[in-house]
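Following: one structure in structure tokens, then a few remarks.
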Amino acid sequence: MDGVSFLNILSAEWLKTKRTPAGWVSFLTPFALAALLTWYFSLKKVTPDIQPAIYQAFFEVWAAVVIPAGAGLVSGMMVNQEELAGGFNGFLASRLPRSSLT
């Protein structure tokens with residue numbers, strides 16, 4: 001990778017998203033989901049099988065809703081940020097043919 005370490009790339013990505021909502025969305029989503037499920041299950045009657053139901057509901061909602069919506073939302077925000085920053089000049093100025101960039 002031409003001497004570029006993973007930590008350098010991670011640091012550059014952190015700086016790019018430092019003042020954007022992408023970091024907050026990815027950080028606060030688990031807490032928001034946990035708070036929402038806690039509120040929902042606090043309205044239910046306490047039974048012996050409530051704990052497995054809470055555990056199962058968290059991971060079902062996480063896998064079926066949060067991950068797909070989050071992936072679309074965060075990637076859309078990142079693409080929009082790249083477009084506003086430089087109109088994808090990094091991709092368009094590359095020596096590679098445009099058909100291989102997609």
Side-chain angles (χ1 to χ4, degrees):
M1 254 185 155
D2 297 19
V4 178
S5 71
F6 176 74
L7 291 177
N8 289 343
I9 294 171
L10 191 61
S11 174
E13 290 297 323
W14 172 253
L15 286 174
K16 283 185 349 186
T17 62
K18 192 173 181 181
R19 291 185 176 96
T20 64
W24 287 105
V25 167
S26 60
F27 179 72
L28 293 178
T29 301
F31 297 110
L33 178 61
L36 182 68
L37 287 175
T38 301
W39 169 77
Y40 175 75
F41 280 103
S42 70
L43 303 174
K44 300 281 186 186
K45 183 180 175 185
V46 177
T47 61
D49 59 338
I50 192 81
Q51 287 180 337
I54 293 171
Y55 184 81
Q56 182 179 359
F58 180 85
F59 287 105
E60 283 178 355
V61 170
W62 189 262
V65 177
V66 174
I67 290 177
L73 183 65
V74 171
S75 63
M77 287 190 304
M78 297 300 294
V79 167
N80 186 31
Q81 178 187 358
E82 289 290 330
E83 179 185 12
L84 294 175
F88 299 106
N89 283 332
F91 289 127
L92 299 177
S94 175
R95 288 183 272 169
L96 297 171
R98 290 184 185 180
S99 61
S100 67
L101 292 174
T102 58

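Everything quoted here is computed from the prediction, not taken from an experiment.
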message = Restricting to side-chain contact (heavy atoms from CB on, under 4.5 Å), what partner residues turn up for K44, sequence neighbours left out?
response =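 Expected list: Y40, F41, I50.
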
What side-chain donor-acceptor pairs closer than 3.5 Å can you find for residues 59-76, not counting sequence neighbours?
unit_1 : atom_1 : unit_2 : atom_2 : d
E60    : OE2    : Q56    : NE2    : 2.8
S75    : OG     : A71    : O      : 2.6
S75    : OG     : G72    : O      : 3.3

S11 side chain vs N8 backbone, donor-acceptor pair below 3.5 Å =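 Such a contact is absent between S11 side chain and N8 backbone.
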
key: Gap between atom CD1 of I54 and atom CG of D49 - 0.5 Å precision   =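 Result: 10.0 Å between the selected atoms.
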
inquiry  = Please tell me whether V79 and W24 are part of a single hydrophobic cluster in this structure, the criterion being side-chain heavy atoms less than 4.5 Å apart.
reply    = no

inquiry  = If you compare all heavy atoms of F58 against all heavy atoms of L37, which two are closest, and at what distance to 0.1 Å?
reply    = CA-CD1, 3.3 Å

